[in-house]
Structure formats: structure tokens, C-alpha cells
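Comments concern the structure below.
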Amino acid sequence: MTARVLLVTSEAVPLVKTGGLADVITALAQALRQQGVDATVMMPGYPAAIENACNLKQAGNLPELPGGPGTILHGVMPGSDVPVVLLKTERFDQRTANPYVDENGAEFDDNALCFGSLAHAAVSICAGETDLPVPHVVHANDWHAGLVPALLRMKGITGVGTLLTIHNLAFQGNFAMSAAADLAIPDSMLTPDQFEFWGKMSFLKAGILYADRISTVSRSYANEILTPRFGHGFDGLLGARREALVAIPNGVDTGAWDPASDRLTVRHFSLNDMRGKSGCKRDLQQLFGLPVDPFAPVLAIGSRITHQKMADVAIDALPGVLERFPRAQLIVLGRGDHAYEQAFLGMAERFPGRVAIHIGYDERRAHALHAGADMLLHGTRFEPFGLTPLYSMRYGTIPIASRVGGMIDSIVDAGLQGTIPDDASGILFDGEQAQDMVAAISRAFELYARPNEWHLMQRNAMSADFSWSGPAEQYIGVYREIAPVEAQALFDERSAAVNDSVNLPADEEAAEAAAMPEYMTA
Ligand code: ADP
Ligand code: GLC
């Protein structure tokens, strides 16, 4: 028998993605499988997920979910051997664009029912109520899966360990108390020592209270969330559960983000042969309609354009920088709050030929940006991990980032003045004012003009180890601790990679294939 883990999430690449969570889930599942753990991803059956998942077969009917009946579909992620379980419901059928908010950015009013159903469905799998094997551990990610540990407890299911990973404490899944009845959550659980949080019912709080272990995605963020500044109201509760809290950093998909083999860049390069980087810079300038100038320092931003990511501060800081450094170019790729998007577009009008903005989500442009820019500006008020600066570093694009969360753990600061340390790989800055950001960018431009130091930083950035194998091993250690006693040895006795994507016994599998309708991919 193999150790089985069900990763419950609201998004995963390449099916549906709004942020780093989606990258992390699929890459982690892959890394776990390579290390002999049978990891399966479970997520909502949004239309895009159902269209793109491969070999979908029905693996159960759940007529009594809170948001209406659901069907469990089982298949494989495209482009990998990672098995995926999709919960198809009428409500998820309606989520054709952003899975959480409507076109005006307002949260859908049935989010509690939708994600409550996801949690109930995961619990049904753990209770053996579907055709899928019961996992030894269920790994719930963010508030969307926050109810899973509590529902397992309420149903008296003890044979499954629970881990809650917090990818971003700012998103909490807080809903009107009136939603509780439909989710089969009794009034007795709506007290301040249970799910109540500032007059609402909180999915994330439920997860923090009931998970066997809680993890978050960097060591620094794990410390930060115990403080009022970063705790988003949960610092006290997390402090009370400190013993259960662990920090496991994310990795980066080093195959997808590899300057030597990237399928989405025009040139390839590596630590030992950097010549291709200038071709990538030229391509980036052309792609964004800026003059091709190999000597212009190109500063890039590539992230959600939101308050968290300090879009307001960048909008304040950058015009002054552009005036002071007349050769510099600025390239922005992202989308987010409308007002910030408009302000960036205004900046492009004010500095023609110097500033280019692409509002939208675009994988090709993202790769071109990380590969071709000289520096990546990543101001952020808090950052649980932060994948984008690490993508940049893989391509020798130097990050200029806020000294918070994962940035502290993954970037070695060159400092704002003086000689740079031998292991410097970027620039970190404190503060949330325009002048703080300007000082950091100015320092980057100063170092850019000193090739020896710049190349040293590039080498350090490109040789940093961000692979998933270490983090996956740490997760396996936690899974082992929380798995039922009789299954713990399975997490030790992992021999080879798990390749089979359908884990039903062979005869059942055949019967299944014959009896079930197949959901075709698009
Ligand atoms: P967060 O999850 O807080 O947004 P991360 O840096 O961890 O921050 O992850 C963001 C992910 O989303 C990265 O994979 C990044 O490349 C991607 N991303 C963000 N905005 C865009 C965009 N406009 N186009 C393409 N990819 C984007
Ligand atoms: C969240 C965080 C980001 C992290 C990602 C994956 O979206 O904001 O810092 O990298 O989750 O864990």
C-alpha cells in the first residue's frame, strides 16, 4: 500500500489559476509523487477545470451537499501524472471567469455554499462514501478548504490526519452567521471560541482551530503571523496553537522557469553562458513596444496590481525615478484593482517610449518579463512566500523587494549602501512610503552600473536552490506525524515514484471505466 494524501484547494495549474497557490499545489503534488507519496489534488469542477482535465470519470454522487447535489469526477492533470478530483455542482458550473468574484470585483454571494460543499465533499471521500480510496491525510489549503478538519471531527472520522496550509492570511472566508445552518454547522459552533470571528462565521478560523497541524509557506511569515501587524486578527489564536504551527517554504517549478530550456522565451541562457539574456531583453522591449536599447536599465513589475502588492506606493514612487534616470524603462504586467490599473496606464501616457503596461494575465509575457528585465520591483505589504521574485532570480533578474515574509528568507540583501556582501542576490527595503521604494530602486541602478557587483548578484540569484524536493520531504515528515498510527510506516517506506494516476484496484477500475460516462476534454 502507498501513503495517500488528498490536497484540497480552490485552484491548481494548469486548470485554474488566480495566484501562486495554483502553481504551488500542482508542483507540490508532483514532487510528493516523485518521492513515493500518492498525492491527489481535489478542487472545484469549474467549467475550465472540467474542460481541461484528462480522462475524467465519475467516481461518486453526493446528492446532499449544502449547495445542491454534486458529482465527483476523477481524472488527471494535463501535462503531468497528477490525479485530480473535481467536484461538479450547478453552482461551480457558473464560475466561468474568476472563481471568487464577479466582473465588478464583488464576491459571489454563494461562496459559503460553494466552498462549504467542497469541504463536505472532501469529508465524504474521507468517509469512504465515494469510489475513491480514503486518504491517510487530507491537506487543506487556505480558507476554501478550511472547514474540512472541523467537519471530519463533527462526523467522528478519526482515521484521517489533517494539515491546514495558510498561503495568505488576508483571505479568511468570513460569511454571515446565517450561512451556517445550510452548511450543517450547529449554532453551538458559532461562539467566539469556535467559528465566530468579528460577528461572522470564519472558514479559516475553523481550520486553524481543528487542523492537526497548521503550516505556512515561509519561516519569516510563520513568525510574522503571530504579531498584530501581520496576523490579520488571528495572531492570538495562532499563538495559542503555536505548537501545531510549522513553516515549510514553497519551491519553484524549476522545469517551467528555467532560462536554459524555457519554451516561452526567444533565447536560452545559463549561469555559464549569459549571452542569451540580451536577446530576451530585446524581445521584451519589442513585445511591449519600447525602443530596443541594450543599455537601458529595464525595471519590471509582474504581479497582481493590488494594495497588498503596494501598487499605490509604486504609482507614487515611479514617476520621480523615471525623471531622475532618463534612460530607464519600466514594464508592468498585471491586473487587479481598476483604479491602480488606470494610474499605471496614465504613467505610460506621460512617459511615452519609456513605460509600457499590459493589463491582463499572460503567461508568455510573464516569461518574457522575468527573462528579459534587468530588475523586478516587488513592493509588498506582506508576502507569505512570493513566487514572482524567485522566478526572476532564476533568470538573473535582480529583485528589489520589501523586507517581509518569504522575501526575507529567499533574497540576500545587498544593502542600501557600501560594499555588497559576497552572497547578495537582491535588494530588500523597509517601509511603505514612496521614498523607501525610490531609495531601493536608486541603489539597484547604482549597482547596475557596476558590472562586477551586478554579475555577482546575478550569479548568486541564479544559483539559489528553490527546488521542491526539500519542501516535499518536509511535508512528508508532517504527514507522517499526523497520519493514523497504522499508516505512519507508509510515509517512511516510500521506495519509488508513484506513477499510476488511478488508484482503484484493477478490476474495479475496469468496471468503473465500462460503467461511467466519460467527460471529454475540450
Ligand atoms: P500571489 O499568489 O500573492 O499573487 P505569488 O508571487 O506567489 O503571489 O504568485 C503569483 C503568481 O501569479 C505567479 O505565478 C505569477 O507569475 C503569476 N501572475 C501574476 N500576475 C500575472 C499576470 N498578469 N500574468 C501572468 N502571470 C501572472
Ligand atoms: C499566496 C501568497 C504568496 C504565496 C502563494 C503560494 O497567494 O500571497 O506569497 O507565494 O500564496 O503559497
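Numbering of ligands and ligand atoms starts at 1, following listing order. Keep in mind that the numbers below use all heavy atoms, side chains included, and drop hydrogens, waters and symmetry copies.
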Checklist entry - Is His144 reaching over with its side chain to a backbone N or O of Thr9, donor-acceptor style, under 3.5 angstrom? => result no
Next on the checklist: Looking at Met407, is its backbone amide N or carbonyl O close enough to the side chain of Glu383 to form a donor-acceptor pair, meaning the two atoms are under 3.5 Å apart?
Outcome noted: no
Next on the checklist: I'd like to know whether ligand 1 has Gly302 as a neighbour, heavy-atom separation below 4.0 Å.
Outcome noted: no
Next on the checklist: Students often mix this up, so state it plainly: with edges at 30° and 60°, are the rings of Tyr391 and His370 parallel, tilted or perpendicular?
Outcome noted: perpendicular
Next on the checklist: Closer than 4.0 Å to some heavy atom of Val24 - which atoms of ligand 2 meet that?
Outcome noted: 6 (C), 12 (O)
Checklist entry - With a cut-off of 4.0 Å, which atoms of ligand 1 are near a heavy atom of Gly19? => result 2 (O), 11 (C)
Checklist entry - Between Asp362 and ligand 1, is there a nitrogen or oxygen pair with a distance under 3.5 Å? => result yes
Next on the checklist: Does Gln342, at its CD atom, have more than 12 non-hydrogen atoms belonging to other residues, nucleotides or ligands within less than 6.0 Å?
Outcome noted: yes
Checklist entry - Nearest heavy atom to atom 17 (C) of ligand 1: which of Lys17, Arg304, Arg335 does it belong to? => result Lys17
Checklist entry - Contact between Gly386 and ligand 2, counting heavy atoms under 4.0 Å? => result yes
Item to check | Which of the ligand 1 atoms, numbered from 1, are nearer than 4.0 Å to a heavy atom of Thr388 | outcome: 6 (O), 13 (C), 15 (C), 16 (O)
Checklist outcome for this item: Out of Val24, Leu387, Val332, the nearest non-hydrogen contact to atom 6 (O) of ligand 1 is supplied by Leu387
Item to check | Ring centroid separation His232 to Phe382 under 6.0 Å | outcome: yes
Next on the checklist: Testing the 3.5 Å rule here: is there a donor-acceptor pair between the side chains of Gln474 and Tyr479?
Outcome noted: no
Next on the checklist: Residue-level breakdown please: for Val217 versus ligand 2, do any non-hydrogen atoms fall below 4.0 Å on the side chain, on the backbone, on both, or on neither?
Outcome noted: side chain
Next on the checklist: Show me which atoms of ligand 1 lie under 4.0 Å from any heavy atom of Leu333.
Outcome noted: 23 (N), 24 (N)
Next on the checklist: Within the 4.0 Å heavy-atom shell around Leu21, which atoms of ligand 2 are there?
Outcome noted: 5 (C), 6 (C)
Checklist entry - Quick check: does Gly360 get an N/O under 3.5 Å from an N/O on ligand 1? => result yes
Next on the checklist: With a sphere of 6.0 Å drawn around CZ of Arg219, does it hold more than 12 non-hydrogen atoms of other residues, nucleotides or ligands?
Outcome noted: no
Checklist entry - Salt bridge between Asp38 and Arg4, side-chain N to carboxylate O under 4.0 Å? => result no
Checklist entry - Which residue owns the protein heavy atom closest to atom 9 (O) of ligand 2, what's the atom, and how far is it? => result Glu383 OE1, 2.5 Å
Checklist entry - What part of Asp23 sits under 4.0 Å from ligand 1 if we count only heavy atoms: the side chain, the backbone, both or neither? => result side chain
Item to check | Contact (N/O only, under 3.5 Å) between Asn250 and ligand 2 | outcome: yes
Item to check | Phe197-Phe234 aromatic ring centre distance below 6.0 Å | outcome: yes
Item to check | Pair Phe175 + Trp143: ring centers closer than 6.0 Å | outcome: yes
Checklist outcome for this item: Ranked by distance from atom 2 (O) of ligand 1, the top protein heavy atom is Gly20 N, 2.7 Å
Checklist entry - Does Arg365 CZ have over 12 foreign heavy atoms under 6.0 Å away? => result yes
Checklist entry - When you measure from atom 2 (C) of ligand 2 to every protein heavy atom, which one gives the shortest distance, and what is it? => result His167 O, 3.2 Å
Item to check | Atoms of ligand 1 close to Ala366 [distance to a heavy atom under 4.0 angstrom, numbered from 1] | outcome: 25 (C)
Checklist outcome for this item: Min over Phe382, Tyr361, Phe385 of heavy-atom distance to atom 21 (C) of ligand 1 lands on Tyr361
Next on the checklist: Whether the side chain of Asp253 engages the backbone of Ala256 through a donor-acceptor N/O pair (distance < 3.5 Å, no angle test) should be reported.
Outcome noted: yes
Checklist entry - Can you tell which of Lys309, Arg364, His378 gets a heavy atom nearest to atom 8 (O) of ligand 1? => result Lys309
Checklist entry - So among Val137, Val160, Thr162, which one has a side-chain contact (heavy atoms from CB on, under 4.5 Å) with Ile482? => result Val137
Item to check | Which of the ligand 2 atoms, numbered from 1, are nearer than 4.0 Å to a heavy atom of Gln308 | outcome: 8 (O)
